[in-house]
Amino acid sequence: MKRFSVEQIRSDFPILKTKMNGKPLIYLDNAATSQKPRQVIETLDNYYENYNANIHRGLYKIAERATEGYSGSKEKVAKFIGADSMREIIYVRNTTEAINTVAISWGDANVKKGDHILITEMEHHSNIVPWMRLAKKKGAVLDYIALDKNKCGLDAQSIGGMLDKRPKVVALTQVSNVLGSINDVKEVTRMAHKTGAVVLVDAAQSVPHMAVDVKQIGCDFLAFSAHKMLGPTGIGVLYGKEDALEDMEPLLSGGDMIKTVHYDSYTWNDLPWKFEAGTSNIADGIAFGTAIDYLNTVGMHNIRAHEKKITKYALDELDGLDGVTTYGYGAKDIEKRGGVIAFAIDGVHPHDVAQIFDSEGIAIRAGHHCAMPLVTERLKQVALSRLSFYLYNRESEVDSAIAAIRKVKKIFKV
Ligand code: 7TS
């Protein structure tokens, strides 16, 4: 796209023309899932209408076309995140499944009793629970990198201290889905590798919103979901360095992931297919490729610039409201945060906030955001309301959100 145009982008998203509770839909829950452009929806229709067939087995035209579409999508993903080749791109259902695959397959083979596993205090449940289960199963110790004193980012001293325990694996998010904080995953990876740890980056909230390059970060594994980046639900990515994936046992086994099977033995298929047992999610995989094309056309740098602008605008506006607290870095530190703003209104439960927003046609999420340790134990909140932006959001939608907050304050007399 030569010039970034929100209005041109919006015209590609049919749902943005719909209403909710009789009001034009204002969608500010992009951290939960993104909306889909017509190009992605059409790719799904086109596959089912014109070349629906299983991949890697049919010797006929439409099966070849489906196979090419599915592999082609992986090539696009590999290029999008700077991987060496599609051999390093495993399709799974979502970020959660990607992290579980590493925690179970890699963890089983590499983590022993007394070993340390290191995560951070700002992780989503999907980057906590699989490691907690692994630690329990193996008798390993799960450690947390602490938040800094302003509860915005990671405490540098805590990182160093925890790495002194020489953890086997360090798993951390690149962007928090609650605080919006951007972690320096490149630096943490460099430090962790020095102590011999393997590094997994949860990129669920980063890959959709900014240019991410796995080679630049240097991580061993990286996980993200198509549904948060204009693609369909049910498809996600586990990136792994080729060596790491070659060494790893697949989580599931059966058809398509083997080269040969005899009555008493088997050999695995080549990467990435070794990790994809059974019929793949073909339609969604192909449509994911269209989502990547769309993001590339708009340009990730343009998307990041737009989100910085709208987030800064929202933070400034929220700052002017009495009794409203925002979490994470402020507008001054916009380089350190993504387009996610969790907030609380004194004396009002976030579920009531979300309900009033809903009555105004504004979709936001309220709750613990699947980060209960962070929200309830560290930030000491029962729940938080959250605005989260994407490429199609307008500044006028921020104005509507601010007006909705004023309405909440008026109704609750706070
Ligand atoms: N990691 C982070 C940082 C996330 O924000 C999410 C989803 C996940 C992992 C899990 O992704 P999934 O595709 O496997 O579900 N975050 C949210 C959210 O903030 N609201 O709904 C889902």
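These numbers come from a predicted model, not from an experiment. All ligand and atom numbering here is 1-based and tracks the order in the structure.
- Close N/O approach between T173 and ligand 1 is not found [any backbone or side-chain N/O within under 3.5 Å].
- Nearest-heavy-atom check against atom 22 (C) of ligand 1 across H369, R386, K228 picks out K228.
- Ion pairing of K241 with E88 is absent here, as no side-chain N (NZ or NE/NH1/NH2) approaches a carboxylate O to less than 4.0 Å.
- Of the protein's non-hydrogen atoms, the one nearest atom 18 (C) of ligand 1 is R365 NH1, 3.3 Å.
- Within the 4.0 Å heavy-atom cutoff, C370 does not count among the residues contacting ligand 1.
- The closest approach between any non-hydrogen atom of E123 and ligand 1 is not below 4.0 Å.
- Each of V188, V201, T173, D202 was compared with N183 under the side chain to side chain contact (heavy atoms under 4.5 Å, CB included) criterion, and only T173 meets it.
- Remark: ligand 1 atoms within the under-4.0 Å shell around heavy atoms of S126 are 1 (N), 8 (C), 9 (C), 10 (C).
- Ligand 1 is never approached by N127 to a heavy-atom distance shorter than 4.0 Å.
- Residue-level proximity to ligand 1 for A204 is carried by the side chain, the only part with a heavy atom below 4.0 angstrom.
- Among Q205, H368, H227, the residue whose heavy atom lies closest to atom 5 (O) of ligand 1 is Q205.
- Counting heavy atoms from C-beta outward, V353 and F343 have side chains that approach closer than 4.5 Å.
- Cation-pi geometry between K74 and Y91 is satisfied (NZ or CZ under 6.0 Å from the ring centre, within 45° of the ring normal).
- Scanning D202, I235, N177 for the heavy atom closest to atom 2 (C) of ligand 1 points to D202.
- Proximity of I303 to Y390: side-chain heavy atoms (C-beta onward) are separated by under 4.5 Å at one or more points.
- The cationic atom of R65 (NZ for Lys, CZ for Arg) lies less than 6.0 Å from the six-membered ring centre of Y51 and within 45° of the ring axis.
- Contact analysis leaves E97 out of contact with ligand 1, as no non-hydrogen atom separation drops below 4.0 angstrom.
- Exactly one of L172, L374, I99 qualifies for a side chain to side chain contact (heavy atoms under 4.5 Å, CB included) with E123. That residue is L172.
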